[in-house]
Enquirer: 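Structure incoming, see below.
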Protein chains: 2
Amino acid sequence: MLTIKEVTELTGIAAPTLRYYEKEGLLPHVKRNESGKRLYDEEDLSWIHFVTALRATGMPIAQIQKYVYLYKEGDSTISERKRMMLHHKKEIEKSIRELYFNLDKINYKLALYDVLESQIERTSIKI
Amino acid sequence: MLTIKEVTELTGIAAPTLRYYEKEGLLPHVKRNESGKRLYDEEDLSWIHFVTALRATGMPIAQIQKYVYLYKEGDSTISERKRMMLHHKKEIEKSIRELYFNLDKINYKLALYDVLESQIERTSIKI
DNA sequence: CCTTGACTTCAAGTAAACTTTATCTCTTAT
DNA sequence: ATAAGAGATAAAGTTTACTTGAAGTCAAGG
């Protein structure tokens with residue numbers, strides 16, 4: 001069982017953020033010791049990693065809340081949770097496609113700069 | 001020359017957002033007619049598309065402001081602008097890599113759901 | 001004992017990027 | 001001549017996701 005400090009060191013997530021996630025219901029079943037301090041086990045850690053992956057891929061807190069709520073409901077919600085993940089997978093793939101699409105535009109801009117710089121170079125030689 | 005309404009229809013960007021971008025200095029040289037209404041030409045449109053690409057790839061407004069400021073300074077800032085674009089290109093590539101990395105985790109989760117569902121199916125058949 | 005350090009809670013504050021609202025002006029169709 | 005519709009400005013409001021601050025609790029070390 002890890003303290004909140006150990007978890008911040010292990011995950012890089014700030015303690016207030018961990019508390020915030022828990023308060024918002026993103027981290028089910030985090031335990032406490034006798035005096036009320038948080039204790040994280042392996043399962044908590046894997047929830048944290050999972051939530052982090054969802055956040056890093058743009059899933060809003062509210063949607064993760066809903067997912068965790070379904071998780072708590074038990075096995076009867078498995079197909080809905082799977083549907084959520086499938087949908088999110090498609091959203092990530094869409095984000096990646098859009099990033100590539102816009103990356104192309106940046107690369108085009110960079111190519112223009114190459115042309116511009118070589119023009120300036122040639123001009124300088126002429127002078 | 002297009003009115004702001006025509007530009008919103010062409011680009012899908014709301015009029016207040018176009019005004020906001022201009023006020024923040026992201027759109028240089030947008031002209032006005034005699035009565036003060038905005039008129040956009042081809043160059044304005046390509047700025048709008050460029051700014052949109054930068055925003056869609058996560059560049060903050062403040063950084064775009066700086067870029068446009070450099071652009072207004074003239075040719076002497078070409079190498080710095082190119083450096084900015086190169087840096088941003090690397091940031092986009094990093095985002096893409098991170099999305100793929102986290103997509104893997106989602107796919108792993110989905111695979112778990114497949115296993116779970118087939119288990120439930122088999123259990124049902126047994127009963 | 002008592003102070004220090006690591007927690008706790010709750011409320012308020014922050015940052016970024018828009019968006020909305022209120023008020024005003026101008027052009028045009030009736 | 002006037003009412004509607006498009007557009008302008010400035011200021012305030014909204015949303016999302018944290019982050020910070022204030023105030024209190026508790027166990028351990030000097």
Side-chain angles (χ1 to χ4, degrees), chain A residues 1-27 29-41 44 47-69 88 91 95 98 102, chain B residues 1-27 29-41 44-45 47-69 88 91 95 98-99 102:
Chain A
M1 297 292 259
L2 304 167
T3 66
I4 199 165
K5 191 178 195 186
E6 288 164 332
V7 173
T8 68
E9 283 158 1
L10 224 61
T11 62
I13 300 168
T17 306
L18 288 170
R19 295 193 195 100
Y20 166 70
Y21 281 175
E22 187 183 337
K23 199 184 69 180
E24 294 300 311
L26 310 190
L27 302 176
H29 49 57
V30 174
K31 300 287 184 305
R32 304 294 180 108
N33 71 8
E34 329 73 47
S35 60
K37 300 191 175 173
R38 288 172 178 80
L39 288 177
Y40 299 83
D41 62 16
D44 295 320
W47 268 105
I48 291 169
H49 288 308
F50 182 49
V51 166
T52 302
L54 294 178
R55 289 292 306 119
T57 49
M59 184 181 282
I61 299 282
Q63 211 173 326
I64 306 178
Q65 270 171 349
K66 188 185 168 188
Y67 180 90
V68 176
Y69 169 78
H88 187 53
E91 291 288 307
S95 302
E98 285 172 4
N102 287 301
Chain B
M1 298 292 258
L2 304 167
T3 65
I4 198 164
K5 190 178 196 187
E6 288 165 330
V7 173
T8 67
E9 282 159 2
L10 223 63
T11 63
I13 300 168
T17 306
L18 288 170
R19 295 193 194 100
Y20 166 71
Y21 281 176
E22 186 183 337
K23 200 184 69 180
E24 294 298 312
L26 309 191
L27 304 176
H29 50 58
V30 173
K31 301 288 185 304
R32 303 296 180 105
N33 72 7
E34 329 74 44
S35 61
K37 298 192 177 175
R38 289 171 177 80
L39 288 177
Y40 299 82
D41 62 15
D44 295 320
L45 271 186
W47 267 105
I48 291 169
H49 287 308
F50 182 48
V51 166
T52 303
L54 294 178
R55 289 293 305 119
T57 49
M59 185 182 280
I61 299 282
Q63 212 174 325
I64 306 178
Q65 270 171 350
K66 188 185 168 187
Y67 180 90
V68 176
Y69 169 78
H88 187 52
E91 292 288 309
S95 301
E98 285 172 5
L99 282 179
N102 287 300

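By convention in this document, chain letters (A, B, ...) are assigned in the order of the sequence lines, proteins followed by strands, and residues within each chain are numbered from 1.
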Enquirer: Within the distance-only criterion (no hydrogens, no angle test), does the side chain of A/E98 pair as donor or acceptor with the backbone N or O of A/S95 below 3.5 angstrom?
Expert: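 Side chain of A/E98 to backbone of A/S95: no pair is present.
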
Enquirer: Can you check the A/L26 CG to D/dC18 C1' distance for me, whole Å?
Expert: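 In whole Å, D/dC18 C1' and A/L26 CG are 12 Å from each other.
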
Enquirer: Rounding to a whole Å, what distance do you find between B/L27:CG and C/dC18:P?
Expert: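 Rounded to whole Å, this separation is 12 Å.
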
Enquirer: Counting side-chain heavy atoms from C-beta on, which of C/dA6, C/dT27, C/dA17 comes nearest to A/K37?
Expert: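 The listed nucleotide nearest to A/K37's side chain is C/dA6.
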
Enquirer: Within residues 48-55 of chain A, which residues have any heavy atom lying less than 4.0 Å from an atom of DNA chain D?
Expert: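 Listed by number, they are A/R55.
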
Enquirer: Rounded to the Å, how far apart are A/E9 CD and C/dA6 C1'?
Expert: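 These atoms are roughly 12 Å apart.
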
Enquirer: Taking atom CG of A/L18 and atom OG1 of A/T8, what is their separation to the nearest 0.5 Å?
Expert: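 If we round to the nearest 0.5 Å, A/L18:CG and A/T8:OG1 are 7.5 Å apart.
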
Enquirer: In this structure, how many angstroms lie between the C1' atom of C/dC18 and the CD atom of B/Q65, rounded?
Expert: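 Interatomic distance, CD of B/Q65 to C1' of C/dC18: 14 Å.
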
Enquirer: Check every atom of C/dT20, D/dT20, D/dA17 against the side chain of A/P16 and return the nucleotide holding the closest atom.
Expert: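 The closest nucleotide is D/dT20.
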
Enquirer: How long is the gap from CG on A/L39 to CG on A/N33, to the nearest 0.5 Å?
Expert: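 The CG atom of A/N33 is 5.0 Å from CG of A/L39, to the nearest 0.5 Å.
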
Enquirer: Within this structure, what is the NE2-CG distance for the pair B/H88 and B/L54, rounded to the nearest 0.5 Å?
Expert: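 Between B/H88 NE2 and B/L54 CG, I get 5.0 Å after rounding to 0.5 Å.
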
Enquirer: In this structure, how many angstroms lie between the C1' atom of C/dC18 and the CD atom of B/E24, rounded?
Expert: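 Those two atoms, CD and C1', are 10 Å apart.
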
Enquirer: In whole Å, I'd like the distance from the CE atom of B/M59 to the P atom of C/dA16.
Expert: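 Those two atoms, CE and P, are 15 Å apart.
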
Enquirer: Within less than 4.0 Å of OP1 or OP2 of D/dG7, is there a side-chain N or O belonging to B/T3?
Expert: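 For B/T3, the contact criterion (side-chain N or O under 4.0 Å from OP1 or OP2 of D/dG7) is met.
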
Enquirer: Holding to side chain to side chain donor-acceptor pair (under 3.5 Å), I want the full list of residues that pass it with A/E24, two or more places apart in sequence or in another chain.
Expert: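 Testing A/E24 for side chain to side chain donor-acceptor pair (under 3.5 Å), a comparison that skips the adjacent residues, returns A/Q65.
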
Enquirer: As a test of reading the structure: which of C/dC7, C/dC18, C/dA17 is closest to the side chain of B/P60, going by heavy atoms?
Expert: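 The listed nucleotide nearest to B/P60's side chain is C/dA17.
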
Enquirer: Quickly work out the B/L18 CG to C/dT19 P distance and round it to whole Å.
Expert: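 Atom-to-atom, B/L18 to C/dT19, this comes out as 10 Å.
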
Enquirer: Listed by chain and number, what are the ring pair (Phe, Tyr, Trp, His ring centres under 6.0 Å) partners of B/Y20, not counting sequence neighbours?
Expert: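 Result, ring pair (Phe, Tyr, Trp, His ring centres under 6.0 Å) vs B/Y20: none returned.
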
Enquirer: Nearest 0.5 Å please: distance from the CE atom of A/M59 over to the NZ atom of A/K66.
Expert: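 Atom-to-atom, A/M59:CE and A/K66:NZ are 10.0 Å apart.
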
Enquirer: Is A/Y21 close enough to D/dC18 that one of its side-chain N or O atoms is under 4.0 Å from OP1 or OP2 there?
Expert: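 Checking D/dC18 against A/Y21, a side-chain N or O does come within under 4.0 Å of OP1 or OP2.
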
Enquirer: If you define the side chain from C-beta out and look only at heavy atoms, does anything of A/H29 sit under 4.5 Å from A/W47?
Expert: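 They are in side-chain contact.
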
Enquirer: To the nearest Å, how far apart are B/N33 CG and D/dA6 P?
Expert: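 Going from B/N33 (CG) to D/dA6 (P), I get 16 Å.
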
Enquirer: With side chain to side chain contact (heavy atoms under 4.5 Å, CB included) as the criterion, how do B/T52 and B/I13 come out once you've worked through the C-alpha distance, each side chain's angles and the decisive distance to 0.1 Å?
Expert: CA-CA 9 Å; B/T52 303; B/I13 300 168; 3.3 Å; yes

Enquirer: For nucleotides 9-13 of chain D, list the nitrogen or oxygen atoms of the protein found under 3.5 Å from its nitrogen or oxygen atoms, one pair per line.
Expert:
residue : atom : partner : partner atom : Å
D/dT9   : OP1  : B/R32   : NH1          : 3.3
D/dT9   : OP1  : B/R32   : NH2          : 3.1
D/dT9   : OP2  : B/R38   : NH1          : 3.1
D/dT9   : OP2  : B/R38   : NH2          : 2.8

Enquirer: To the nearest 0.5 Å, what is the distance between CZ (A/R55) and CD1 (A/I48)?
Expert: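 These two atoms lie 15.0 Å from each other.
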
Enquirer: Could you give the angle between the helix axes at the two ends of the helix from C/dC1-D/dG30 to C/dT30-D/dA1, with five pairs per end, rounded to 10 degrees?
Expert: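 Inter-axis angle at the termini of the helix from C/dC1-D/dG30 to C/dT30-D/dA1: 30°.
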
Enquirer: So B/L45 and B/L10, do their side chains get closer than 4.5 Å, heavy atoms only?
Expert: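 Yes, side chains in contact.
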
Enquirer: Quick one: on DNA chain D, does A/S35 or A/G58 contact a more 5' nucleotide (nearest heavy atom)?
Expert: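 Closest to the 5' end, via its nearest nucleotide, is A/G58.
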
Enquirer: With sequence neighbours excluded, what pairs up with B/R19 under the side chain to side chain donor-acceptor pair (under 3.5 Å) test?
Expert: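 By the side chain to side chain donor-acceptor pair (under 3.5 Å) rule, B/R19 matches no residue at all.
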
Enquirer: Which nucleotide in the set C/dC7, D/dC18, D/dA27 lies at the smallest distance from any side-chain heavy atom of A/I4?
Expert: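 Given the options C/dC7, D/dC18, D/dA27, the side chain of A/I4 is closest to C/dC7.
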
